[in-house]
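Indexing begins at 1, ligand by ligand and atom by atom, following the structure's order.
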Amino acid sequence: MEDLNDLNPEEIPGVREDLENDTAAAAARIQEYLETLNNIPLNIAITGETGSGKSTFVNALRGLSNDDEKAAPTGITEATLECTPYPHPNYLNVTLWDIPGIGTTKFPADKYLKLVGFEKFDFFIIISGIRFTENDVKLVKEIERMEKKFYFVLSKIDNDIRAERRETDFSEEETLKVIREDCVHRVAQLGIESPKVFLVSSFELHLYDFPLLQQTLERDLPKNKRDTLLFVMPNINPEIIIKKKEAFQNKVYYYATLSAIGSAVPLPGLSMVVDLAVLVSAVTEYVFAFGLNVSSLKRLSARTGVPYADLCAVINSPLAAAEITKERVQQALTELKHRATRTAASRYIPIFGIPLALIFSFNENCKTLELILDELADDAQRVFERALV
Ligand code: GDP
């Protein structure tokens with residue numbers, strides 16, 4: 001178990017005073033804060049020539065297979081000159097933009113960037129299936145001038161690895177190193193100093209350099225956007241699942257406080273009063289970020305070929321792979337109540353100057369949410385192992 005000091009929620013200005021004087025106002029403030037957190041926009045520009053694997057990469061980041069009805073069309077030879085927004089299926093505040101490769105337009109790089117509305121993008125991913133060209137570099141120089149971040153992604157690396165595997169002295173690590181160094185060298189020769197190049201297979205995001213790309217993006221983003229990126233990331237490794245859980249642990253305070261304030265309803269058979277609607281919101285967030293909602297699991301099944309039923313078979317929580325209703329959450333609370341751990345003290349210290357009368361409810365809510373979070377994170381871990389390992 002993590003140290004208590006790891007839990008370090010940001011204090012919402014004004015909440016402490018409101019809690020002492022007017023709990024309804026405090027609830028409204030917390031609610032507004034959570035809504036803002038959940039709606040931070042993230043716009044990711046993906047550009048590259050036709051055939052580079054742009055659409056497949058966009059689909060992979062959205063957790064879709066290329067034949068999903070919401071997928072970006074792939075394998076087309078016509079170059080699109082339009083910027084096409086592809087919202088993330090679970091997070092409408094996150095959009096991946098397929099923007100035409102600069103080589104497909106007649107515009108010089110500066111005009112091109114103005115035309116695509118570069119200001120709205122948080123960063124650019126320049127993708128190529130073979131090697132980066134002068135066109136890519138021209139664009140990157142302009143992106144740099146506009147003080148935006150960019151990353152080179154060499155796609156279809158699985159093909160290279162497959163081809164090299166036939167060699168007798170094959171080493172995946174060595175092959176990747178050679179390709180990466182060659183790519184970095186070529187881009188540097190075209191005038192970009194220390195370019196960030198990532199070798200990726202959109203069919204297997206958990207392999208090669210994609211995890212490193214994810215870490216780099218996370219590090220480079222402003223702090224307030226890091227969790228937004230984290231929650232949309234597919235579960236490509238156990239570390240991502242742990243990070244998602246930690247991000248939610250910080251929010252437990254807010255949900256527990258909200259539920260305690262709104263806790264007018266004593267639940268039959270439970271020694272606690274909760275606001276079920278608040279718990280439903282929290283649980284829904286967890287389930288979606290862990291990819292444990294029905295449609296995410298179906299998409300994972302379509303992407304990996306592992307039958308949906310096999311993914312469901314490793315899930316323990318009654319809240320995963322199901323519609324999250326008040327009844328279902330209430331049922332889950334009843335089951336949790338019988339767990340020995342419920343008698344353990346809550347590791348969350350009420351920090352907000354919460355009224356004494358609400359502390360019991362706050363503690364119970366914290367324990368409940370933490371147990372649910374633990375269980376869902378464990379399920380996410382097992383689903384990841386079943387699907388990808
Ligand atoms: P776009 O024109 O840049 O959008 O490229 P697409 O996404 O349509 O991809 C072009 C072709 O490359 C399609 O047949 C894809 O299946 C294939 N492709 C794309 N990404 C990968 C990858 O990472 N690995 C492999 N093996 N094939 C890929």
Against heavy atoms of Glu49, which atoms of ligand 1 measure under 4.0 Å?
3 (O)
Any heavy-atom pair between the side chains of Tyr112 and Thr47 that's under 4.5 Å?
yes
Lys156 versus ligand 1: do any nitrogen or oxygen atoms come within less than 3.5 Å of each other?
yes
Within the 4.5 Å heavy-atom criterion, are Glu375 and Ile315 side-chain neighbours or not?
no
Proximity to ligand 1 by part of Asn159, non-hydrogen separation under 4.0 Å:
side chain
For residues Phe231 and Phe248, establish whether the separation of their ring centroids is below 6.0 Å.
yes
Measuring only between side-chain heavy atoms, which start at C-beta, is Ile241 closer than 4.5 Å to Phe290?
yes
So, are Glu370 and Lys367 salt-bridged, with charged N and O less than 4.0 Å apart?
no
For Ser202, the ligand 1 atoms whose distance to one of its heavy atoms is below 4.0 Å
22 (C), 23 (O)
Is the shortest distance from a heavy atom of Gly48 to ligand 1 less than 4.0 Å?
no
When only distance counts, is Gly51 in polar contact with ligand 1, meaning an N/O pair under 3.5 Å?
yes
Quick note on ligand 1: atoms under 4.0 Å from a heavy atom of Thr50 include exactly 2 (O)
Given Phe203, Phe57, Phe210, which one has a non-hydrogen atom that is nearest to atom 16 (O) of ligand 1?
Phe203
Report yes if some N/O of Lys54 lies less than 3.5 Å from some N/O of ligand 1; otherwise report no.
yes
Pairs touching residues 193-213 that satisfy side-chain hydrogen bond (donor to acceptor under 3.5 Å, both in side chains), sequence neighbours left out
Asp158-Ser201, Arg180-Asp209, Lys196-Asp220
Check each atom of ligand 1 against the heavy atoms of Ser201 and keep those under 4.0 Å away; list them by number with element.
23 (O)
Do any N/O atoms on Asp98 end up under 3.5 angstrom from N/O atoms on ligand 1?
no
Leu19 and Arg16, any side-chain heavy atoms less than 4.5 Å apart:
no
Is the number of heavy atoms from other residues, nucleotides or ligands within 6.0 Å of CD (Glu32) greater than 12?
no
Have a look at ligand 1 and work out which part of Asp158, if any, has a heavy atom under 4.0 Å from it: side chain, backbone, both or neither.
side chain
